[in-house]
Structures are given as structure tokens and as C-alpha cells.
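By convention in this document, chain letters (A, B, ...) are assigned in the order of the sequence lines, proteins followed by strands, and residues within each chain are numbered from 1. It should be emphasised that the depicted structure is a prediction, and the values quoted were computed from it without experimental measurement.
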Protein chains: 2
Amino acid sequence: MVKMMREKIKIKKIDYLPARQVTFSKRRRGIFKKAAELSVLCESEVAVVIFSATGKLFDYSSSSFLTRNKVI
Amino acid sequence: MVKMMREKIKIKKIDYLPARQVTFSKRRRGIFKKAAELSVLCESEVAVVIFSATGKLFDYSSSSFLTRNKVI
DNA sequence: AAGGCTATTTTTAGATC
DNA sequence: CGATCTAAAAATAGCCT
């Protein structure tokens, strides 16, 4: 197979919608994973809230975030 | 210099406090950076809230998070 | 505590299905 | 939309100062 060269990506809006949606999905999960790891490694509480460009909400929080921090 | 082998780390509480504090600091920044990148790449709004084990608050939000999402 | 180094691990862009 | 693959880029553990 042919080896493809890829450019190092720049941190600017991804213009092509399908690629932007794929990146949104992949990176969103990446952040949630990192948040979960941080909470376990360092016994900290982490919450992440993301609104997509279309207004859809995605969120993650470590299990005791809300109670430990007296949000509820 | 001697090449050191490192074990792949396990996602469990880091027992040694100084190492845990360093990891907390490094990974916290890593997550904030990822959050900032996601918001730019995908025109999304991202907020991250972290409480350290000692209760100290750290947070990040993309610039229009609060207004766009009518939090304020 | 904070910052640099670097081997290694992890994430991810782009393709494909 | 989601999963898998892979080379390349990025994050980071452990060490140092």
C-alpha cells in the first residue's frame, strides 16, 4: 500500500462538515476519557460540558462530582 | 545516558503524593488544551470544571460558553 | 513547586468499510 | 452515524535541575 503523507493539522475551524463531525465525535470522547482518567489517578472530581455547533449537549462527570461539590 | 524502561501506567490512584500532584497539574492542563482545541476545530462550546482532592477549583470554558448557552 | 527532557504511550486524521 | 486501521502527532511518566 501507498504511504500517505498527512499535514500536521492547524487549530482552526474544520470547514468540511463531515470531517468536522467526525473530529467532534472523536475528540469529545477523547476528552471524556482524559477526564475520567484524571479523576481516578488524582482522586479529583471532573465535569465536562460540551455543546455542539447545533446546540446538542454532551456531558461527563466523575461519579461523585455533583454530591461531593454540593451541586445537589 | 542509560535508557530507562517505563511501565505503561495503570489508571488507578497514584499513591505517591508528589507524583500525584505533578500528574494532576500536567493532565489538568492537557484537558484544558484539548477543550480549547475542540471548541475551535468544531465551533463548539466547552466547559471543564475540576476540583482537586483538596477541594481547589480549576475551570476552563470556551469564551462564549456562558452567554451562548444562556447560563448568564 | 515549577519547568525541561525524552522514551514511550496515547490520541487522532484520514481513509475505508 | 459508528467502527476499524495505521502512520503521524501529541501527551505524558519518570527523571532531572
Side-chain angles (χ1 to χ4, degrees), chain A residues 1-66 68-71, chain B residues 1-66 68-71:
Chain A
M1 48 296 235
V2 179
K3 287 191 189 175
M4 299 301 296
M5 293 297 147
R6 277 195 293 107
E7 288 219 5
K8 167 170 158 169
I9 69 136
K10 303 220 163 61
I11 303 302
K12 60 180 282 294
K13 179 188 171 184
I14 297 167
D15 290 318
Y16 185 55
L17 178 60
R20 189 163 72 244
Q21 289 173 327
V22 169
T23 291
F24 181 71
S25 172
K26 286 180 175 180
R27 282 180 171 256
R28 178 167 34 84
R29 281 191 281 200
I31 289 178
F32 288 168
K33 186 176 182 206
K34 290 283 191 191
E37 290 180 350
L38 179 63
S39 75
V40 171
L41 289 167
C42 302
E43 285 199 323
S44 51
E45 303 302 327
V46 185
V48 182
V49 181
I50 302 174
F51 284 94
S52 72
T54 56
K56 186 167 181 189
L57 169 67
F58 300 87
D59 69 292
Y60 162 84
S61 75
S62 53
S63 58
S64 54
F65 185 90
L66 295 177
R68 189 182 302 236
N69 299 300
K70 299 180 183 167
V71 175
Chain B
M1 47 297 235
V2 179
K3 288 189 188 175
M4 298 303 295
M5 294 296 150
R6 273 197 299 107
E7 289 226 1
K8 165 171 159 169
I9 69 136
K10 302 221 164 61
I11 303 302
K12 59 179 280 294
K13 178 186 173 185
I14 298 167
D15 290 319
Y16 185 55
L17 178 61
R20 189 163 73 243
Q21 289 172 326
V22 169
T23 291
F24 181 71
S25 173
K26 286 181 175 179
R27 280 179 172 256
R28 177 165 37 82
R29 287 186 204 190
I31 289 178
F32 288 168
K33 186 176 183 211
K34 290 281 192 189
E37 290 180 349
L38 179 63
S39 74
V40 171
L41 289 168
C42 303
E43 284 200 323
S44 52
E45 303 302 328
V46 185
V48 182
V49 181
I50 301 173
F51 284 93
S52 73
T54 57
K56 186 168 181 189
L57 169 68
F58 300 87
D59 70 293
Y60 162 84
S61 73
S62 53
S63 57
S64 54
F65 186 90
L66 295 176
R68 188 182 301 237
N69 300 300
K70 298 178 182 171
V71 175

Among [options], which nucleotide sits nearest the side chain of [X]?
X       : options                : result
B:Thr23 : D:dA13, D:dA9, C:dA13  : D:dA13
B:Lys34 : C:dA1, D:dG2, C:dT11   : C:dT11
A:Gln21 : C:dT12, D:dC1, C:dT9   : D:dC1
B:Glu37 : D:dA13, C:dA13, D:dA11 : D:dA11

I want to confirm an ordering. Mapping A:Ala19 and A:Lys33 to their closest nucleotides on DNA chain C, which one lands closer to the 5' end?
A:Lys33
What is the separation between atom [atom1] on [X] and atom [atom2] on [N], rounded to the nearest whole Å?
X       : N      : atom1 : atom2 : answer
B:Arg20 : C:dA2  : CZ    : P     : 16 Å
A:Phe24 : C:dA13 : CZ    : C1'   : 17 Å
A:Ile11 : C:dT12 : CD1   : P     : 10 Å
A:Ile9  : D:dA11 : CD1   : C1'   : 14 Å
A:Phe58 : D:dC1  : CZ    : P     : 8 Å
B:Lys10 : C:dT9  : NZ    : P     : 12 Å

Heavy-atom nearest nucleotide on DNA chain D for A:Arg29 versus B:Arg28: which residue maps closer to 5'?
A:Arg29
Short question: side chain of A:Arg20, backbone of B:Leu41 - any donor-acceptor pair under 3.5 Å?
no
Would you state whether a donor and an acceptor, one from the side chain of A:Lys26 and one from the base of D:dG2, lie under 3.5 Å apart?
no
For B:Ser25, answer base if it contacts any base atom (sugar-phosphate contacts may also be present), sugar-phosphate if it contacts only those atoms, and nothing otherwise; contact means non-hydrogen atoms under 4.0 Å.
nothing
How far apart are the C-alpha atoms of B:Val46 and B:Phe65, what are their side-chain angles, what is the distance that settles it, and do they pass the side-chain contact (heavy atoms from CB on, under 4.5 Å) test?
CA-CA 7 Å; B:Val46 185; B:Phe65 186 90; 5.6 Å; no
Within a strict 4.5 Å, meaning less than it, do heavy atoms of the A:Ile50 and A:Phe32 side chains meet?
yes
